[in-house]
A.B. asks: 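Pasting a structure below so you can have a look.
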Amino acid sequence: MFGRRSPTSSPAEPTPKGGAGATAPPPAVADAPDAVVDLWSPGQTAARRSVEQLLLERGQVSESHLVQARQVSAQTPGKTLASILLGMQAASEGQILSALAQTLDLAFETPDRSKVDPKAFGLLPSDYVRKNCVLPLRFEGEDDRTLVVGMADPNNVFLVDEVRRRTKRDLRVVVVTTADIARIAEAMAAAAGGSDGTVDDIIKDMAEDDVQVIKEVEKDDVTDLEKMGNESPVIRFVNYLIFDAIKQGASDIHVEPKEKALKVRYRIDGVLFEAMNPPHAMQPSITSRLKIMANLDIAERRLPQDGRIRAVVHGRKVDLRLSTLPTPYGEKVVMRILDNRSINVQLEDLGFSEDSLVIWKNQIDLPHGIVLVTGPTGSGKTTTLYSSLRQMDGNKLNISTVEDPIEYHLASATQVQVHDKIGMTFSAALRSLLRQDPDVVMLGEIRDAETARIAVQAALTGHLVLSTLHTNDAPASVTRLINIGVEPYLISAAVNAILAQRLVRKICPGCKEEFKPTDEMKEFLVMQGFGEVTTYKGKGCDRCRRTGYTGRLGIYELMVMDDAMRDIVTRNPDVNLLRKLAREKGLVCLRDDGFRKVVKGQTTVDEILRVTESAS
């Protein structure tokens with residue numbers, strides 16, 4: 001990706017092995033034909049700095065990372081320092097490409113979909129854009145003869161020439177990250193309707209004989225079920241179902257058989273929406289197809305089953321965790337969509353207030369102790385933990401995780417899968433992991449007394465342990481650990497901080513409007529300490545499916561264990577006493593943090609009340 005010459009209209013130098021921005025030409029240039037000499041003629045760039053030098057000057061990489069990258073480069077022929085730094089996660093792709101753009105005298109851009117010209121984008125097929133990481137952005141010049149294209153590999157002169165031939169335009173290259181190219185390409189394709197159609201279009205050629213529905217299928221008669229699952233219309237429908245759910249940003253897909261109907265619902269931003277109603281006769285074939293994809297036993301329809309589907313949607317790998325549940329009208333299927341993009345979020349983008357963010361970063365920088373994240377299922381605990389782990393220096397720390405299941409893959413960590421059936425429990429995995437010289441350990445969940453005790457001992461012996469609990473608020477987590485069987489004095493000594501969180505829907509920016517609250521709501525806001533404030537809501541538009549909301553952000557309650565709090569915990573306190581003490585010491589509870597986001601115009605009062613009902 002880094003290391004070839006600049007594709008700008010002026011001649012540019014080749015980059016030899018060792019880093020972008022180097023200027024020595026190949027030794028064979030002197031005897032080469034004129035055309036080749038023109039292609040490789042070095043420009044006036046002898047004093048130009050390298051990518052690594054620019055990153056160092058900008059403070060985006062440290063000298064130690066650069067020394068380490070040079071050592072790796074010496075042992076890895078053919079890889080540039082820039083690519084090694086990217087692999088080490090010492091610098092982000094955007095930082096490296098920004099520096100590369102400067103060395104090549106090119107502009108670096110972070111495009112927004114609204115500023116991409118659909119006519120320009122339409123000059124190249126969307127599949128070609130994704131595959132080659134080249135994004136047509138807009139036209140420039142007289143008669144729109146110049147096409148501005150974003151590229152993640154601006155040194156690829158062959159790709160530049162091919163794009164010029166395909167578009168029949170003069171090109172001006174700007175540098176854009178692969179993530180931005182994929183994001184824009186997907187958004188533009190979705191806006192254009194993609195290649196998908198309606199459900200009727202997908203199954204319109206399905207004749208009655210295409211899928212043979214058997215009202216009462218004997219246990220041993222599996223052949224017909226397997227045949228139904230492999231019929232072409234069924235395959236197309238299931239593929240569309242997965243594609244459409246991912247395109248709409250769903251986290252779960254529910255396929256629910258009723259007595260005379262079949263419902264498909266998506267969970268989007270934490271709320272279920274009915275998406276489509278396929279013909280009821282398709283239920284056995286859809287279920288069988290999904291079971292075949294997940295390598296489950298299609299003959300077993302009396303017991304629940306769990307499996308995993310690995311799919312590729314627009315060149316992006318997506319995992320789906322599938323669960324079946326027998327009902328009187330057939331098997332209900334629920335698929336959890338595990339998309340790495342959903343957890344590739346920086347801590348700064350999760351919704352922390354400035355104070356809470358600083359405190360949380362300090363807590364995960366501590367060398368030992370337990371840091372807990374609590375909340376119900378679907379409250380974003382995993383995202384917070386993964387974002388916290390990515391904040392750490394994986395090159396200097398041994399980061400390990402124990403999970404059930406491993407939902408997302410983290411490059412900087414060693415991840416261990418729990419298998420209860422063979423004795424690989426949380427406690428057994430954690431006990432073995434502590435012999436692997438870890439610095440940071442992430443536990444998917446503290447479920448039992450043994451796991452809790454081992455986690456406490458690990459924290460007390462010099463390890464940082466991150467884990468989750470299912471409690472309504474931060475103070476209740478102390479009581480939960482005591483109820484599990486951990487001695488209060490151990491909790492007092494080991495636990496550093498507890499973060500309770502929820503996810504609330506954000507007001508759709510496309511239809512956001514000022515909202516005059518009712519007298520009852522005004523009175524409620526005054527009771528919460530907010531006087532005359534301007535509130536907002538989403539009117540409802542196509543972008544947000546007429547809900548007024550799009551996307552989610554977190555609301556947080558961060559309780560840090562100081563000396564006074566540790567003394568109270570040692571006495572095995574009542575949860576109400578602990579909660580009262582925490583608030584006296586300045587704890588911002590979930591509802592208070594939520595109302596602060598209401599005042600900022602990020603969400604609504606109704607949304608805060610919906611998710612904090614049990615935490616009030």
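Residue numbers start at 1 and run along the sequence shown.
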A.B. asks: Using atom types as modelled and distance alone, determine if a side-chain donor or acceptor of Tyr408 lies under 3.5 Å from a backbone N or O of Tyr386.
C.D. replies: no
A.B. asks: Is Glu354 atom CD crowded by more than 12 heavy atoms from other residues, nucleotides or ligands, each under 6.0 Å away?
C.D. replies: no
A.B. asks: My understanding is that only one of Val495, Leu578, Val560, Leu587 makes a side chain to side chain contact (heavy atoms under 4.5 Å, CB included) with Met565; could you say which?
C.D. replies: Leu578
A.B. asks: Begin with the C-alpha distance, continue with both residues' side-chain angles, and end with the deciding distance and a verdict on side-chain contact (heavy atoms from CB on, under 4.5 Å) for Met392 and Val440.
C.D. replies: CA-CA 9 Å; Met392 302 175 185; Val440 180; 3.8 Å; yes
A.B. asks: Whether the side chain of Arg301 engages the backbone of Gly330 through a donor-acceptor N/O pair (distance < 3.5 Å, no angle test) should be reported.
C.D. replies: no
A.B. asks: Without swapping roles, check the side chain of Asn572 against the backbone of Pro488 for a donor-acceptor pair under 3.5 Å.
C.D. replies: no
A.B. asks: Heavy-atom count check: over 12 atoms from other residues, nucleotides or ligands less than 6.0 Å from Asp562 CG?
C.D. replies: yes
A.B. asks: Any side-chain heavy atom of Phe426 within less than 4.5 Å of one from Ile454?
C.D. replies: no
A.B. asks: Hey, are the side chains of Val61 and Gln95 touching, using non-hydrogen atoms and a 4.5 Å cut-off?
C.D. replies: no
A.B. asks: Do Ser432 and Met424 have side chains that approach each other closer than 4.5 Å (heavy atoms only, starting at C-beta)?
C.D. replies: no
A.B. asks: Provide the closest heavy-atom pair for Gly510 versus Cys541 in the form atom of the first, atom of the second, distance.
C.D. replies: C-SG, 4.5 Å
A.B. asks: Do Trp360 and Thr384 come close enough that some side-chain heavy atom pair is under 4.5 Å?
C.D. replies: yes
A.B. asks: Could you tell me whether Arg453 and Glu450 make a salt bridge, using a distance below 4.0 angstrom between a side-chain N and a carboxylate O?
C.D. replies: no
A.B. asks: I need the minimum non-hydrogen distance between Cys508 and Arg543, along with the two atoms involved.
C.D. replies: SG-CD, 4.3 Å
A.B. asks: So, does Lys597 use its side chain to make a donor-acceptor pair with the main chain of Val504 at under 3.5 Å?
C.D. replies: no
A.B. asks: Check for a donor-acceptor pair, side chain of Gln501 on one end and backbone N or O of Ser379 on the other, with a separation under 3.5 Å.
C.D. replies: yes
A.B. asks: What heavy-atom pair brings Ser467 and Gly444 nearest, and what distance separates the two atoms?
C.D. replies: OG-C, 4.4 Å
A.B. asks: Run the side-chain contact (heavy atoms from CB on, under 4.5 Å) check on Ile498 and Leu469 step by step: do they pass?
C.D. replies: CA-CA 10 Å; Ile498 304 172; Leu469 279 176; over 6 Å; no
A.B. asks: Taking C-beta and beyond as the side chain, do Ser98 and Arg58 meet within less than 4.5 Å on heavy atoms?
C.D. replies: yes
A.B. asks: Is Val478 close to Met559 at the side-chain level, that is, under 4.5 Å between some pair of heavy atoms?
C.D. replies: yes
A.B. asks: Ignoring hydrogens and geometry, is there a side-chain-to-backbone donor-acceptor pair from Lys291 to Glu300 under 3.5 Å?
C.D. replies: yes
A.B. asks: When rounded to the nearest 0.5 angstrom, what is the spacing between CG in Leu385 and OG1 in Thr401?
C.D. replies: 10.5 Å
A.B. asks: What side-chain donor-acceptor pairs closer than 3.5 Å can you find for residues 361-368, not counting sequence neighbours?
C.D. replies:
| unit_1 | atom_1 | unit_2 | atom_2 | d |
| --- | --- | --- | --- | --- |
| Lys361 | NZ | Glu348 | OE2 | 2.4 |
| Asn362 | ND2 | Val358 | O | 3.3 |

A.B. asks: What residue among Thr287, Leu290, Leu325 forms side chain to side chain contact (heavy atoms under 4.5 Å, CB included) with Glu331?
C.D. replies: Thr287
A.B. asks: Heavy atoms, side chains only, cut-off 4.5 Å: are Leu272 and His254 in contact?
C.D. replies: yes
A.B. asks: What distance do Leu499 atom CG and Thr468 atom OG1 have between them, rounded to the nearest 0.5 Å?
C.D. replies: 11.5 Å
A.B. asks: Could you measure the distance from the CD atom of Gln391 to the CG atom of Leu347? Nearest 0.5 Å is fine.
C.D. replies: 5.0 Å
A.B. asks: Can you measure from CG (Leu443) to OG1 (Thr451) and round to the nearest 0.5 angstrom?
C.D. replies: 7.0 Å
A.B. asks: Once you measure the plane-to-plane angle for Phe352 and Tyr556, does it fall in the parallel (<30°), tilted (30-60°) or perpendicular (>60°) bin?
C.D. replies: parallel
A.B. asks: Looking just at side-chain N and O atoms, do Thr178 and Glu93 make a donor-acceptor pair shorter than 3.5 Å?
C.D. replies: yes
A.B. asks: How far apart are the closest heavy atoms of Gln417 and Asp404, and which atoms are they?
C.D. replies: NE2-OD1, 3.5 Å
A.B. asks: Please walk me through it: do Phe515 and Thr604 pass side-chain contact (heavy atoms from CB on, under 4.5 Å)?
C.D. replies: CA-CA 10 Å; Phe515 168 65; Thr604 64; over 6 Å; no
A.B. asks: Under a 4.5 Å cut-off applied to non-hydrogen side-chain atoms, are Leu320 and Met293 in contact?
C.D. replies: no
A.B. asks: Strictly distance-based, threshold 3.5 Å: is any side-chain N or O of Glu256 a donor or acceptor partner for the main-chain N or O of Arg265?
C.D. replies: no
A.B. asks: Grab the two heavy atoms, one from Leu466 and one from Ser388, that are nearest each other, plus how far apart they are.
C.D. replies: CD2-CB, 4.2 Å
A.B. asks: Any side-chain to backbone donor/acceptor pair from Gln60 onto Ala91? Under 3.5 Å, distance only.
C.D. replies: no
A.B. asks: Enter the distance from Thr603:OG1 to Arg505:CZ here, rounded to the nearest 0.5 Å.
C.D. replies: 8.0 Å
A.B. asks: Under a 3.5 Å distance rule, please check whether Arg546 uses its side chain to pair with a backbone N or O of Gly540 as donor and acceptor.
C.D. replies: yes
A.B. asks: Sub-3.5 Å donor-acceptor pair from the side chain of Lys381 to the main-chain atoms of Pro376, do we have one?
C.D. replies: yes
A.B. asks: Which pair of heavy atoms, one from Gly378 and one from Leu503, lies closest together, and at what distance?
C.D. replies: O-CD1, 3.7 Å
A.B. asks: Look up atom CZ in Arg579 and atom CG in Asp473, then write down how far apart they are to the nearest 0.5 Å.
C.D. replies: 4.0 Å
A.B. asks: Does anything in residues 477-496 pair up under side-chain hydrogen bond (donor to acceptor under 3.5 Å, both in side chains), and if so which pairs, sequence neighbours excluded?
C.D. replies: Thr471-Ser477, Ser492-Thr570
A.B. asks: Step by step, would you call Glu63 with Leu56 a side-chain contact (heavy atoms from CB on, under 4.5 Å)?
C.D. replies: CA-CA 7 Å; Glu63 187 68 48; Leu56 192 60; 3.3 Å; yes
